[in-house]
2 protein chains.
Amino acid sequence: MPVTLQDIARDTKVSVVTVSKVLRNQGRISAATRQRVLRRARQLNYQPNWIARSLVTRKTFAIGLLLPDFTHPFFAEIAKAAAEALRPKGYHLVISYFEEDPEIEKSEVESLVARQVDGLILASAQPPEKADLFRSLRSRKVPLVLIDRPGDDGKCSFVGSDNEAIGILATSHLVACGCRKIAHLRGPKVGIAAARFTGYRKALKKHGLDYCPKYVVNGSYEDSRGYEVMKQLLSIEAMPDGVFCYNDPVAIGAINAIREAGLRIPEDIAVVGAGNVHYSDVLAIPLTTIDQGTQEIGHQAADLLLRQIGAPRLLRPTEILIEPKLVIRESTNRARMKN
Amino acid sequence: MPVTLQDIARDTKVSVVTVSKVLRNQGRISAATRQRVLRRARQLNYQPNWIARSLVTRKTFAIGLLLPDFTHPFFAEIAKAAAEALRPKGYHLVISYFEEDPEIEKSEVESLVARQVDGLILASAQPPEKADLFRSLRSRKVPLVLIDRPGDDGKCSFVGSDNEAIGILATSHLVACGCRKIAHLRGPKVGIAAARFTGYRKALKKHGLDYCPKYVVNGSYEDSRGYEVMKQLLSIEAMPDGVFCYNDPVAIGAINAIREAGLRIPEDIAVVGAGNVHYSDVLAIPLTTIDQGTQEIGHQAADLLLRQIGAPRLLRPTEILIEPKLVIRESTNRARMKN
DNA sequence: CTGAAAGCGCTAACAC
DNA sequence: GTGTTAGCGCTTTCAG
């Protein structure tokens, strides 16, 4: 039903090949036929079938972007930046998400690859010990850039943050604000959460504070969980006076729990998040956080992937770490603040 | 380089067709060959080329979702809901966005169609007088569901909110809160903003309040613009005591402007948004807003589109309006509140 | 400058 | 049960 090259060829009495060439501005074509073809194409409102084209050129100009959750503003901002970097080069983003479920992640990756995307940008939730997905991708030579969460033992290009630095930055800031009993709402067990946790411990140590396991609670990456988990923390004796939260949504949840308990922020408990998500400055208590440079991550990932796609052969994996920056707002603005 | 049906056929000494049938569980195949084929496919880690398949079946199982901005939580939530509704039926979402630019919108639509998506869900920014995009889509029989912003004169299926009702609900609530000088931060000139504006005027009239043009300022849909525009409003004499904002981000911007001016919310000025976006309850001043049922919009749009795709011939356009609901929070919680 | 031939990887329709 | 033939809409190659 749709208009094809055939139709135009028939009507203008030239071959399909010629039409194809005209429409792609390729090869020598006489001005006369070029006009005729172009005119007819316009009349018929011809639209090329990229599927057919892709089958022969083996290029789809589509990049798969696979995220844990695109409702999360952190990832949404990355997606936007990536799309912006890709668009001018004629590439499109096929976005998908897998709700932090490694199995869905796998099947989504396969779908994207089956759709013949030219490359993949992935914020993976594969557990560190399971490298089969990456191995399979590598063996099939699918251009891949991991973002936010490293994986595959550095055998794959990566763009993200220095998570240990984030942990250090956040925790040191809390110390500088006068906090002495600093808690940490850990993220899920992926490497990234571990690195932030390490940073947290290193900072404590550096400032001569004891690491106290009861101040570390586990496994959250969204506000609802942050809320619950913070409630737990509030119920222990010797309540913390500062909390470093895995990310901004968790911090938002934590803030809600703290206020609900009738405590003041930052006087009773200071709170630091991570991500510097777009709305974190208009919250009930504007949130001190670590900016991870979402824009930068999106851009760099896109650029890196494109370079990989354009390269004649496999490039050796590159790792790009975006420098985290402390953004100080009300949630840690104590009178006795020194930093 | 990738494994094809050919490879498996050669190795197992059957025809390509047989392999194809085995892999799709179709037609009668002897248990013996089935096993052989399956085993070889697994050994080779065969992955079907959907591009090739699509070319012949004329189905891609991809749905295009085109949004003004997927960083906006309102649309992100719709996207998520749509993806969830589509996934179990084997469909994927190809998400793209156009930054409220009608020209980019057009070109993105064409890309998506060129990629042979099976249908399109679109929150369009085409100006009402320009129906050529819709006309072109209609003539090509591309299954299309408009969301959030109606268009094409009801010739196209639509899922969204009753925007006049939103305007009435929000404005009436402000009246009930004791506001008498109610301003409106209008959205951009699309039909939806006009409808909310109409609702605003109707509600004023119903409650015996005069409509006063100076209280209506124009053209914003994001927080930064909401901030600027609210500042303007604050500079006029006889400042408003209530504001109905086009959407939640605009309201957030407005709130910032109001606080910055040293005024109190809701005592000096009460604020109502629209959208009930995920973070609107954790803001500096939790925002009274109109819930538009984003989940519902996403689901319904997906279902409707699927029904359209499955139908033997063109269905007549359906319009689904989700009932807006008032969500009362702090930003309108005045002592003298009566509603 | 133009076109005939071949084929991308797969499936539909029909033989055998 | 299995294979043959044909073709989806397009581009590539190469001969004229």
Next item on the list: Verify side chain to side chain contact (heavy atoms under 4.5 Å, CB included) between A:Glu110 and A:Ser136, making sure each step is shown before the conclusion.
Entry: CA-CA 10 Å; A:Glu110 292 308 343; A:Ser136 142; 4.2 Å; yes
Check: Is any side-chain heavy atom of A:Glu84 closer than 4.5 Å to a side-chain heavy atom of B:Glu99?
Finding: yes
Check: Looking just at side-chain N and O atoms, do A:Arg34 and A:Asn25 make a donor-acceptor pair shorter than 3.5 Å?
Finding: yes
Determine all donor-acceptor pairs shorter than 3.5 Å in which one atom belongs to a side chain in residues 66-73 of chain A; sequence neighbours excluded.
from    : atom 1 : to      : atom 2 : distance (Å)
A:Asp69 : OD1    : A:Thr71 : N      : 2.7
A:Asp69 : OD1    : B:Lys80 : NZ     : 3.4
A:His72 : ND1    : A:Phe74 : N      : 3.1

Notebook entry, point to check: Quick one, which residues of residues 109-119 of chain B touch DNA chain C with a heavy atom under 4.0 Å?
Noted result: none
Check: In terms of side-chain heavy atoms, does B:Thr60 have a donor or acceptor partner in B:Gln116 at a distance below 3.5 Å?
Finding: no
Check: Base, backbone or nothing for each nucleotide of nucleotides 10-16 of chain C, written B, S, -, heavy atoms under 4.0 angstrom, 5' to 3'?
Finding: BBBB---
Notebook entry, point to check: Are B:Lys89 and B:Tyr91 in a cation-pi contact, defined as NZ or CZ under 6.0 Å from the six-membered ring centre and within 45° of the axis?
Noted result: no
Notebook entry, point to check: Which part of the nucleic acid, if any, lies within contact of B:Ser54, taking any heavy atom under 4.0 Å across all strands shown: a base, the sugar-phosphate backbone alone, or nothing?
Noted result: nothing
Notebook entry, point to check: When all nucleic acid strands are considered with a 4.0 Å heavy-atom cut-off, which category describes B:Ser15: base, sugar-phosphate, or nothing?
Noted result: base
Notebook entry, point to check: So does A:Lys130 pair up with A:Glu103, basic N to acidic O under 4.0 Å?
Noted result: no
Checklist line | Axial cation check for A:Tyr46 ring with B:Arg140, 6.0 Å and 45° limits | finding: no
Show me the donor-acceptor pairs, under 3.5 Å and distance only, between side chains in residues 8-17 of chain A and residues at least two apart or in other chains.
from    : atom 1 : to      : atom 2 : distance (Å)
A:Arg10 : NH2    : A:Asp7  : OD1    : 2.6
A:Asp11 : OD2    : A:Arg40 : NE     : 2.7
A:Asp11 : OD2    : A:Arg40 : NH2    : 2.9
A:Thr12 : OG1    : A:Ile8  : O      : 2.7
A:Ser15 : OG     : A:Val17 : N      : 3.3
A:Ser15 : OG     : A:Thr18 : N      : 3.2
A:Ser15 : OG     : A:Thr18 : OG1    : 3.1

Checklist line | Span of DNA chain D in contact with chain B (heavy atoms, under 4.0 Å) | finding: D:dG1 to D:dG9
Item checked: Results of ring pair (Phe, Tyr, Trp, His ring centres under 6.0 Å) for B:Phe134 - residues two or more places apart only -> none
Note to self: Taking the nucleotide of DNA chain D with the nearest heavy atom to each, does B:Arg58 or B:Ala31 sit closer to the 5' end?
What the structure shows: B:Ala31
